[in-house]
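Worksheet: the structure to be examined is printed underneath.
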Amino acid sequence: MTDLTFVHITDLHISTQDVEGEMLLGDTTAVLKRTFSEIRRMNPAPQFIVASGDLTNRGDAASYEILKSVIAAEAPDVPLFLALGNHDSREGFCAAYPDLHGDPSKPYDHDAVTGGLHVIVMDSSVPRQIGGYWEEGQIDWLKARLAAHLDLPKLLVMHHAPMVDPSRPDLAWESLSESATEALRETIAGHNVIGILSGHVHLDRVSHWYGVPVFIGAGHHAATDPLDLSEHMDMLDGTGFAIGTARPSGLTVTYVPHPQKRELRHRLEFEVIRQHLAAMDAAE
Ligand SMILES: [Fe+2]
């Protein structure tokens with residue numbers, strides 16, 4: 001395998017601008033156009049782009065149409081691999097991309113070989129849930145894909161990163177659930193997985209997780225302030241993307257932050273999320 005350059009974008013949160021109470025904290029369409037213009041300046045150019053979910057802010061058809069038109073007009077002509085996140089809807093995505101995914105009752109899992117790398121994209125979103133986990137059959141699908149192209153390194157893409165701190169079950173909404181994390185760990189053990197690319201929590205973060213690097217990108221919406229995440233989450237202005245370089249030695253990810261003033265856009269109290277999750281549990 002020769003050196004391979006790619007781009008990781010995430011949490012695009014593309015939206016129409018006319019919805020009240022939607023908590024859209026910035027002009028995400030402008031950010032996507034900016035990122036594509038920067039990607040077009042890259043030398044070496046990327047061989048592919050992955051987008052790890054929250055493609056739209058609320059999963060509606062009009063927002064997916066905006067996404068499609070920006071991609072058609074601005075994206076460089078390289079493969080673009082799309083993952084779904086908790087803000088997406090399978091119905092909306094299938095309507096916009098019927099050639100990619102035809103059955104909204106099923107998660108959108110897919111894979112491709114490109115440039116000597118085996119890219120495996122999994123749908124960790126669960127309809128109407130904030131956190132992520134696997135539906136029936138997804139781990140079996142992953143096992144089958146890992147068994148293919150055994151000579152190639154694997155790059156995994158999923159909106160929700162593995163849970164790295166099981167001592168905070170109250171924060172399970174930030175990641176894959178503990179059981180989904182464990183299933184993933186068992187499944188990929190012994191395989192040449194050079195990295196996992198994720199989003200969801202809107203900050204640049206690298207974890208070394210049972211020997212596998214997990215790269216989370218801040219994304220295109222608003223940046224989580226990492227300084228105090230004890231009881232609330234402050235969302236600041238701030239966006240960016242990341243450049244990945246896969247080499248025989250492993251994976252390097254270089255973050256490309258856009259200029260940021262660190263202005264507060266919104267404070268999300270964890271207690272509000274806990275009440276929301278409790279209400280969802282009670283409704284089940
Ligand atoms: Fe997001």
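Bear in mind that the values here come from a model prediction, so they are computed numbers and not experimental data. Indexing begins at 1, ligand by ligand and atom by atom, following the structure's order.
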Here the side chain to side chain donor-acceptor pair (under 3.5 Å) pairs for residues 194-204, sequence neighbours left out, are Asp11-His202, His13-His202, Asn86-His200, His159-His200
Item to complete: Taking the six-membered ring for Trp and the single ring otherwise, decide whether the centroids of Tyr108 and His101 are under 6.0 Å apart.
Response: yes
Short check: any N/O/S atom of His159 below 2.8 Å from the Fe ion (ligand 1)? no
- Run the ring-centre check on Phe6 versus His8 and record whether the distance is less than 6.0 Å. no
**Asked** Among the clusters formed by ILVMFWY side chains lying less than 4.5 Å apart, do Leu152 and Val193 turn up in the same one?
**Response** no
For Asp11, the N, O or S atom at the shortest distance from the Fe ion (ligand 1) is OD2
Row for the Fe ion (ligand 1): angle OD2 (Asp54) to NE2 (His13), 10° precision, value 90°
Give a yes/no answer: is there an N/O/S atom of His202 under 2.8 Å from the Fe ion (ligand 1)? yes
